[in-house]
Amino acid sequence: MIFRLLAAGRHLSVLTLAVALTTVHWAPLASAQAPRGIPLIRDAEIEQLIRDYSSPLFKAAGFQSNFVNIHIVASNNFNAFVADGRRMFINIGTLKQAEKPNEVIGVIAHETGHLQGGHLARIRQAASGARAIGIFSQILAGAAVVAGAASGNTTVTQGGFGVLQGGSSLAQRTLLAHQRTEETAADQAALILLEKTGQSAKGMLETFEVLQRQIPIGSRIDPYRLSHPLPRERIALISTVAKRSKYFEKKDSDRLVQRHALMQAKLAAFTEHPQSVGKRYKRDKSLAADYARAIVGFRFGNVKKSQKTIDKLIKRAPNYPYFWELKGQALLESGQPEAAIAPLRKAIRLAGDEPLILTLLGHALVAADQPKYNKEAIRVLTRAINKDQSIGNAHRQLAIAYARDNKIGEAELATANGLFYLGDPKGAKTYAARAQKRLKRGSRGWLQADDILTYKPPKL
């Protein structure tokens with residue numbers, strides 16, 4: 001199994017990630033532990049904002065549209081990382097703690113630099129040349145923070161630099177030196193990408209400055225045992241170039257700042273204790289504050305009051321699709337699925353065929369449990385899956401809808417597909433075999449089932 005160290009993190013932590021992750025979809029902003037993976041979050045609003053942050057950078061890097069998939073990790077550490085050359089992961093801690101959009105954009109620019117430079121493949125080659133896989137695995141799986149500042153024996157401050165604990169062999173130091181070189185190259189690539197897209201590198205620089213301030217005074221750090229350069233070194237290398245740019249003082253647009261604030265309010269309301277959310281937004285009358293209060297309201301039982309707050313949000317921004325999505329979600333989760341259908345239809349009209357919202361609408365249509373909605377549910381859920389096959393709930397709801405339509409073969413195939421994309425190939429094969437017995441041989445569904453039955457996991 002291949003691993004990749006995270007980039008330096010504001011809360012100064014290190015994590016390892018299995019490349020062979022299974023994407024998991026649950027309700028918006030619900031998370032789960034993917035098999036042999038990490039907890040991921042799916043949310044239409046946040047994913048669209050991140051796409052808007054990243055698209056110019058990806059284009060400048062020469063990537064085609066949708067070449068890179070970005071996933072949101074349910075971790076409060078300020079971190080981001082890449083895997084397998086086509087996937088980027090951003091922690092919710094990055095999104096919650098970044099004071100402005102430009103800071104997140106700087107993080108994405110750095111990780112795009114890794115993808116553009118093919119650093120993941122090169123580090124594997126370096127590992128094989130560093131007297132090998134055992135050392136490579138030890139470095140990546142064993143990278144961890146050491147909270148020994150009090151004793152004066154800190155080998156790495158609580159920062160996402162990454163440290164190899166244990167021996168100091170030449171091979172180990174060679175690989176770590178290679179990693180530091182790649183991190184520096186990614187920083188330089190980020191500066192170029194930001195310049196090409198007419199964006200400031202100020203947020204990137206400010207992130208490193210925060211990291212530097214968080215290193216305990218008097219810490220004794222061996223820079224040759226780190227997988228990332230120290231923040232002060234990174235600041236020194238990029239500061240002059242960053243400040244020379246004509247875009248350095250360029251500000252984020254008001255619209256982007258507002259969307260960033262809405263995202264942070266949503267993350268806080270879905271992931272933090274309601275009292276802490278209430279305290280944070282006390283006496284705050286902004287759109288973001290009302291958004292947080294509306295989410296907390298329906299999550300913790302005050303649905304009627306929450307709906308009034310959501311309606312106020314919609315009145316203030318009637319064309320913002322995610323307020324309509326929230327209205328539908330709140331009604332669905334409070335046991336009013338039929339009432340949720342209209343606002344979710346509205347959200348889709350405003351957002352386009354967004355697969356996560358399509359899935360929520362399909363769920364509401366199925367949960368309403370009325371024959372008049374069943375065919376629409378099948379159409380809506382099929383559209384969602386055609387756009388994003390990894391949404392487990394879309395497959396589950398589609399199976400129910402097909403079963404109600406007495407299309408048992410299709411229902412079992414939908415179940416098989418759902419299990420497959422949720423990382424359970426064994427269970428998927430069981431349902432695929434049952435589906436094949438009911439589906440016409442050679443039909444599209446029969447062939448899909450056959451693909452699952454003949455699937456063999458890749459050798460890692």
Side-chain angles (χ1 to χ4, degrees), residues 10-11 27-31 41 43-50 52-53 72 74-78 90-107 200 202-203 206-207 209-210 213-214 250-331 333-334 343 346-347 350-351:
R10 176 167 296 189
H11 267 194
L29 274 175
S31 63
I41 284 175
D43 179 78
E45 179 181 15
I46 297 173
E47 290 179 8
Q48 183 58 55
L49 180 59
I50 293 175
D52 290 344
Y53 286 162
I72 305 168
S75 168
N76 281 319
N77 296 319
F78 191 107
I90 299 178
N91 287 7
I92 62 171
T94 305
L95 305 177
K96 290 167 70 174
Q97 296 170 51
E99 295 182 359
K100 54 190 178 183
N102 187 245
E103 292 184 16
V104 180
I105 291 168
V107 169
S200 174
K202 194 172 188 177
E206 288 172 343
T207 296
E209 289 171 347
V210 169
R213 289 196 297 270
Q214 291 183 354
K250 185 177 179 179
K251 305 295 183 184
D252 296 311
S253 70
D254 291 343
R255 177 61 173 163
L256 208 59
V257 169
Q258 184 180 71
R259 290 176 65 195
H260 189 79
L262 289 170
M263 172 191 66
Q264 291 183 320
K266 188 175 206 177
L267 283 168
F270 271 108
T271 64
E272 297 176 13
H273 193 280
Q275 288 184 353
S276 67
V277 177
K279 184 177 180 180
R280 178 181 308 176
Y281 292 103
K282 188 177 182 180
R283 299 189 184 90
D284 188 339
K285 299 184 183 301
S286 68
L287 199 65
D290 281 346
Y291 200 19
R293 283 189 280 268
I295 295 169
V296 168
F298 98 76
R299 284 189 66 220
F300 293 93
N302 198 342
V303 178
K304 188 174 181 180
K305 183 178 179 181
S306 172
Q307 283 294 332
K308 289 181 179 179
T309 307
I310 296 171
D311 288 339
K312 289 180 181 177
L313 289 170
I314 290 172
K315 188 175 182 179
R316 292 175 69 179
N319 293 321
Y320 193 63
Y322 309 107
F323 292 160
W324 290 99
E325 179 195 18
L326 178 64
K327 183 176 179 66
Q329 182 186 353
L331 289 166
E333 294 187 11
S334 64
K346 177 73 172 180
L350 292 170

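Owing to the predicted nature of the structure, the values given are computational and were not obtained by experimental measurement. Here, residue 1 is the first one in the sequence, and each next residue gets the next number.
Applying the salt bridge (charged side-chain N to carboxylate O under 4.0 Å, His left out) rule to pairs touching residues 295-313 yields Asp311-Lys327, sequence neighbours excluded. Among residue pairs with one or both ends in residues 315-324, those qualifying as salt bridge (charged side-chain N to carboxylate O under 4.0 Å, His left out) are Asp290-Arg316; sequence neighbours excluded.
Between Ile90 atom CD1 and Ile46 atom CD1 the span is 11.0 Å, to the nearest 0.5 Å. With rounding to the nearest 0.5 Å, the separation of CG in Leu49 from CG in Leu95 is 8.0 Å. Rounding to the nearest 0.5 angstrom, the gap separating the OG1 atom in Thr94 from the CD1 atom in Ile72 is 11.0 Å. For the atom pair Thr207 OG1 and Glu103 CD, the distance stands at 4.5 Å (nearest 0.5 Å). Rounding to the nearest 0.5 Å gives a distance of 11.0 Å between CD1 of Ile105 and CD1 of Ile50.
Proximity of a side-chain donor or acceptor of Arg280 to a complementary backbone N or O of Ala268 within less than 3.5 Å is not detected. Between the side chain of Ser334 and the main chain of Ala330, a donor-acceptor pair closer than 3.5 Å is present.
Side-chain atoms of Asp254 and Gln258 form no donor-acceptor pair, as typed in the model, at a separation below 3.5 Å. Checked by atom type, the side-chain pair Tyr320/Glu45 shows a donor-acceptor distance below 3.5 Å.
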With side chain to side chain contact (heavy atoms under 4.5 Å, CB included) as the criterion, how do Met263 and Arg259 come out once you've worked through the C-alpha distance, each side chain's angles and the decisive distance to 0.1 Å?
CA-CA 6 Å; Met263 172 191 66; Arg259 290 176 65 195; over 6 Å; no

Begin with the C-alpha distance, continue with both residues' side-chain angles, and end with the deciding distance and a verdict on side chain to side chain contact (heavy atoms under 4.5 Å, CB included) for Gln97 and Val210.
CA-CA 11 Å; Gln97 296 170 51; Val210 169; over 6 Å; no

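In this structure the side chain of Phe298 never reaches within 4.5 angstrom of the side chain of Gln307, judged on heavy atoms. Residues Glu206 and Lys100 have side chains in contact (heavy-atom distance under 4.5 Å, counting atoms from C-beta outward). Within the 4.5 Å cutoff, no side-chain heavy atoms of Ser75 are placed close to those of Ile92. Side-chain contact check for Asn77 versus Asn91: some heavy-atom pair is nearer than 4.5 Å. Contact annotation: the side chain of Leu262 never approaches that of Tyr322 to less than 4.5 Å [non-hydrogen atoms, C-beta and beyond].
Comment: Glu325 does not engage Lys346 in a salt bridge, judged by the lack of any side-chain N to carboxylate O separation of less than 4.0 angstrom.
Taking the six-membered ring for Trp and the full ring otherwise, Tyr291 and Phe323 have centroids separated by under 6.0 Å.
Taking every heavy atom of both residues into account, Glu272 and Val277 meet most closely at CB-CG2, 4.0 Å. Closest approach of Ala288 to Ala261, counting heavy atoms only: CB-O, 3.6 Å. A pairwise comparison of heavy atoms in Leu350 and Pro321 identifies CB-CB, 3.6 Å as the closest pair. Scanning all heavy atoms of the two residues, the minimum distance from Glu47 to Ile41 falls at OE2-O, 4.2 Å. Here the shortest heavy-atom pairing between Ser306 and Gly297 reads CB-C, 3.8 Å. For Tyr281 against Arg293, the heavy-atom pair with the smallest separation is O-NH1, 2.9 Å.
His260 and Tyr53 have tilted rings, their planes meeting at an angle from 30° to 60° on a 0 to 90° scale.
For Pro274, the side chain to side chain contact (heavy atoms under 4.5 Å, CB included) criterion is met by Val296, Phe300, not counting sequence neighbours. Legend: residues meeting side chain to side chain contact (heavy atoms under 4.5 Å, CB included) with Ser200, ordered by chain and number and at least two apart, are Asn102, Lys202, Phe248. Residues passing the salt bridge (Lys or Arg N to Asp or Glu O under 4.0 Å) test with Asp284: none are found, sequence neighbours excluded. Residues passing the salt bridge (Lys or Arg N to Asp or Glu O under 4.0 Å) test with Glu209, sequence neighbours excluded: none.
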